Asks: 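Structure incoming, see below.
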Amino acid sequence: MKPIRPRRSALYVPGSNPRAMAKAPTLGADVVIFDLEDAVAPSEKDAARERVVEAVAALRQAGTSTEIVVRANGLDTPWIEADLAAVGAARPDALLLPKISRPDDLARVRARIAADVALPLWAMIETPRAVLDPLAIAEAQDARLPLAVLVLGLNDLSRETGVRQLPGRAPMLPWMMTALAAARTAGIEILDGVFNDIVDAAGFAAECLQGRDCGFDGKTVIHPQQVAGANAAFAPGPEELAWAARIAPVFDLAENAGKGVLRVEGHMVERLHADMAKRLLALAAAIAAKG
Ligand SMILES: CC(C)(COP(=O)(O)OP(=O)(O)OC[C@H]1O[C@@H](n2cnc3c(N)ncnc32)[C@H](O)[C@@H]1OP(=O)(O)O)[C@@H](O)C(=O)NCCC(=O)NCCSC(=O)C[C@H](O)C(=O)O
Ligand SMILES: [Mg+2]
């Protein structure tokens with residue numbers, strides 16, 4: 001089993017907001033994404049980049065357990081060269097690239113990152129082209145700069161396609177699930193998009209549960225108030241864990257060694273269910289280890 005790093009909540013923080021940046025790593029999010037892209041006005045780009053480099057360095061020095069990611073500006077913007085150089089110097093845990101539409105976009109980024117820099121890339125799936133073939137993006141791998149996580153950008157997708165962001169997200173679901181299948185085919189993770197209405201706690205909770213039911217590893221969030229809800233929704237619940245603990249070891253028992261399927265408490269349990277249960281228990285242990 002691959003080592004598990006919980007990514008239940010990934011909090012975007014504008015690189016232009018020092019107060020929020022200082023607060024972000026203390027809020028319990030598994031991931032903090034310092035944003036240089038859409039949340040930062042053009043006039044603030046240079047100052048934000050410097051501030052983000054300093055913040056990443058300070059967090060590394062402090063040995064934070066929060067995963068620290070920097071979102072760069074788009075490939076065709078005037079800021080990308082400086083962003084990539086800064087990320088090379090700061091060495092966050094990962095670099096998030098917006099508006100990746102095709103494998104060649106990743107190749108172009110990789111070619112522009114200094115040869116002595118090695119770190120995971122995350123790619124935003126938020127253009128119409130990307131949702132038509134997310135597998136080509138997810139499978140565009142590289143040893144030095146591997147693609148580790150896809151992140152949905154449903155605001156940009158809405159803007160680019162005219163699709164409305166409705167409760168239940170019916171018009172978006174085919175794209176969301178295709179991206180999820182692409183991530184799983186490539187063996188990488190995928191995070192759900194943001195929920196813009198900060199005051200609609202019930203709507204946010206419903207969307208978190210939907211994301212979890214759809215198989216996402218976590219949700220990107222935009223405000224401190226959304227962190228706890230995402231953490232709760234994307235963590236295994238007590239009943240789920242209790243069941244997992246009961247079925248995880250059943251095929252390890254000597255009497256079941258030659259069996260492929262069992263009846264446990266009225267349920268059919270195959271080896272695949274035991275494997276899923278072991279993964280769930282490992283995720284719970286990784287969450288517990290965070291303290
Ligand atoms: C959305 C906000 C602009 C709301 O800001 P504001 O009304 O000022 O928030 P509050 O007054 O409620 O804030 C209370 C305190 O919490 C801190 N805070 C707020 N937001 C954050 C945050 N994201 N991280 C850390 N801390 C935060 C405030 O500083 C207050 O603290 P204090 O003063 O000490 O009391 C704002 O929440 C915000 O900017 N959110 C992030 C926006 C962002 O990054 N957007 C870009 C990413 S979303 C996206 O692009 C998705 C994708 O690409 C797509 O296409 O869909
Ligand atoms: Mg976007």
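Keep in mind that this is a model prediction, so the values were computed, not measured. Just follow the structure's listing: the first ligand is 1, and inside any ligand the first atom is 1.
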Asks: Among all protein heavy atoms, pick the one closest to atom 13 (O) of ligand 1 and tell me residue, atom and distance.
Replies: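 Among all protein heavy atoms, the one nearest atom 13 (O) of ligand 1 is H223 NE2, 3.5 Å.
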Asks: Has E255 got more than 12 heavy atoms of other residues, nucleotides or ligands less than 6.0 Å from its CD?
Replies: yes
Asks: Test of understanding: clusters of I, L, V, M, F, W, Y form through side-chain heavy atoms closer than 4.5 Å, transitively. Do L96 and L59 belong to the same one?
Replies: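 L96 and L59: separate clusters.
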Asks: Kindly state if atom 56 (O) of ligand 1 has a protein heavy atom within a strict 4.0 Å cut-off, that is, under 4.0 Å?
Replies: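 It does; a protein heavy atom is within 4.0 Å.
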Asks: Run V131 and I125 through side chain to side chain contact (heavy atoms under 4.5 Å, CB included) and show every step you take.
Replies: CA-CA 7 Å; V131 294; I125 301 297; 3.8 Å; yes
Asks: Which residue owns the protein heavy atom closest to atom 16 (O) of ligand 1, what's the atom, and how far is it?
Replies: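 Ranked first by proximity to atom 16 (O) of ligand 1 is P224 CG, 3.5 Å.
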Asks: Going by distance only, is there an N or O of A39 that falls short of 3.5 Å from an N or O of ligand 1?
Replies: no
Asks: Please work out whether any backbone atom (N, CA, C, O) or any side-chain heavy atom from C-beta onward of Q225 is under 4.0 Å from ligand 1, and answer side chain, backbone, both or neither.
Replies: neither
Asks: Measuring from atom CD of Q226 to atom SG of C208, what distance do you get when rounded to the nearest 0.5 angstrom?
Replies: 7.5 Å
Asks: Would you say atom 20 (N) of ligand 1 makes contact with the protein, given that contact here means a non-hydrogen protein atom less than 4.0 Å away?
Replies: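 Under the 4.0 Å cut-off, atom 20 (N) of ligand 1 does have protein heavy-atom neighbours.
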Asks: In ligand 1, which numbered atoms sit nearer than 4.0 Å to a non-hydrogen atom of P14?
Replies: 39 (O), 41 (C), 44 (O)
Asks: So which heavy atom in the protein is nearest atom 44 (O) of ligand 1, and how far is it from that ligand atom?
Replies: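 Nearest protein contact, heavy atoms only, for atom 44 (O) of ligand 1 is Y12 CB, 3.4 Å.
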Asks: Does the side chain of D30 pick up a donor-acceptor pair with the side chain of S9 at under 3.5 Å?
Replies: no
Asks: So for atom CE, which belongs to M177, do other residues, nucleotides or ligands contribute more than 12 heavy atoms lying within a distance under 6.0 Å?
Replies: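 Enclosed: over 12 neighbouring heavy atoms sit under 6.0 Å from CE of M177.
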Asks: How long is the gap from CZ on R51 to CG on D46, to the nearest 0.5 Å?
Replies: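 So the gap between those two atoms works out to 11.0 Å.
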Asks: Is the CZ atom of R279 crowded by more than 12 outside heavy atoms at less than 6.0 Å?
Replies: no
Asks: To the nearest 0.5 Å, what is the distance between CD (Q210) and CG (D192)?
Replies: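 Taking CD in Q210 and CG in D192, the distance rounds to 7.0 Å.
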Asks: At less than 2.8 Å, would any N/O/S atom of D38, backbone or side chain, sit next to the Mg ion (ligand 2)?
Replies: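 Of the N, O and S atoms in D38, none lies under 2.8 Å from the Mg ion (ligand 2), which means no.
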Asks: Decide whether an N or O pair under 3.5 Å exists between D156 and ligand 1.
Replies: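 Looking only at distances, the answer is yes, because the N/O contact criterion of under 3.5 Å is met.
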Asks: Determine whether the side chain, the backbone, both or neither of L152 has a heavy atom under 4.0 Å from any heavy atom of ligand 1.
Replies: neither
Asks: Any protein heavy atom under 4.0 Å from atom 27 (C) of ligand 1?
Replies: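 It does; a protein heavy atom is within 4.0 Å.
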Asks: Distance-only, no hydrogens or angles: does the Q141 side chain make a donor-acceptor pair with backbone N or O of L147 under 3.5 Å?
Replies: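 Here the side-chain-to-backbone pair exists.
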Asks: State, with a plain yes or no, whether a side-chain heavy atom of E44 is found less than 4.5 Å away from one of R49.
Replies: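 E44 vs R49: side chains apart.
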Asks: What atoms of ligand 1 come within less than 4.0 Å of a heavy atom belonging to E126?
Replies: 52 (C), 53 (O), 54 (C), 55 (O)
Asks: Flag yes if V269 and L281 sit in one hydrophobic cluster, no otherwise; membership is Ile, Leu, Val, Met, Phe, Trp, Tyr, and two members link when side-chain heavy atoms are under 4.5 Å apart.
Replies: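 The answer is no; the residues belong to distinct hydrophobic clusters.
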Asks: Relative to the Mg ion (ligand 2), which of the N, O or S atoms in E126 is the closest?
Replies: OE1
Asks: With a 4.0 Å cut-off, strictly under, does atom 11 (O) of ligand 1 pick up any protein heavy atom?
Replies: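 There is no protein heavy atom less than 4.0 Å from atom 11 (O) of ligand 1.
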Asks: When only distance counts, is L154 in polar contact with ligand 1, meaning an N/O pair under 3.5 Å?
Replies: yes
Asks: Can you tell me how far the NZ atom of K45 sits from the CG atom of N73, to the nearest 0.5 Å?
Replies: 3.5 Å
Asks: If you measure every N/O of R19 against every N/O of ligand 1, is any gap under 3.5 Å?
Replies: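 Between R19 and ligand 1 (N or O atoms, distance only) the closest approach is under 3.5 Å.
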Asks: Under 4.0 Å from atom 6 (P) of ligand 1, is there any protein heavy atom?
Replies: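 Looking at atom 6 (P) of ligand 1, one finds that no protein heavy atom lies closer than 4.0 Å.
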Asks: For ligand 1, find out whether one of its N or O atoms is nearer than 3.5 Å to an N or O atom of D35.
Replies: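 No; the residue has no nitrogen or oxygen that sits under 3.5 Å from a nitrogen or oxygen of the ligand.
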Asks: What's the shortest distance from atom 41 (C) of ligand 1 to any protein heavy atom, and which residue and atom give it?
Replies: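 Going by distance alone, atom 41 (C) of ligand 1 is nearest to I222 O, 3.3 Å.
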Asks: Identify, by name, the N, O or S atom of D156 lying closest to the Mg ion (ligand 2).
Replies: OD2
Asks: Measure the CZ-CZ distance between R271 and F251 for me, rounded to the nearest 0.5 Å.
Replies: 5.5 Å
Asks: Just checking Q61: does its CD atom have more than 12 heavy atoms from other residues, nucleotides or ligands closer to it than 6.0 angstrom?
Replies: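 Atom CD in Q61 is not crowded, with 12 or fewer foreign heavy atoms closer than 6.0 Å.
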Asks: Can a side-chain donor-acceptor contact be found between N155 and Q165 if the only test is distance below 3.5 angstrom?
Replies: yes
Asks: For ligand 1, is there an N or O atom under 3.5 Å from any N or O atom of K23?
Replies: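 Yes; the residue has a nitrogen or oxygen that sits under 3.5 Å from a nitrogen or oxygen of the ligand.
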Asks: For ligand 1, is any non-hydrogen atom under 4.0 Å from L157's backbone (N, CA, C, O), its side chain (CB onward), both, or neither?
Replies: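 It is neither; nothing of L157 touches ligand 1.
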Asks: For atom 25 (C) of ligand 1, which protein heavy atom lies nearest, and how many Å away is it?
Replies: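 Going atom by atom, the protein heavy atom closest to atom 25 (C) of ligand 1 ends up being A20 O, 3.4 Å.
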Asks: With heavy atoms of G153 as the reference, note each atom of ligand 1 found under 4.0 Å away.
Replies: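 This gives 52 (C), 54 (C), 55 (O), 56 (O) as the contact atoms.
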Asks: Please confirm whether L27 approaches ligand 1 to less than 4.0 Å, judged on its heavy atoms.
Replies: yes
Asks: Please tell me whether L27 and V70 are part of a single hydrophobic cluster in this structure, the criterion being side-chain heavy atoms less than 4.5 Å apart.
Replies: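 Yes; tracing contacts between hydrophobic side chains, which count when under 4.5 Å, links both residues.
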Asks: Answer with side chain, backbone, both or neither: which part of I198 has a heavy atom less than 4.0 angstrom from an atom of ligand 1?
Replies: side chain
Asks: If we count only non-hydrogen protein atoms and require a distance under 4.0 Å, does atom 3 (C) of ligand 1 qualify as touching the protein?
Replies: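 Neighbour list for atom 3 (C) of ligand 1 is empty of protein heavy atoms (cut-off 4.0 Å).
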Asks: With heavy atoms only and a cut-off of under 4.0 Å, state how R71 meets ligand 1: side chain, backbone, both or neither.
Replies: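 R71 to ligand 1: side-chain contact only, backbone stays beyond 4.0 Å.
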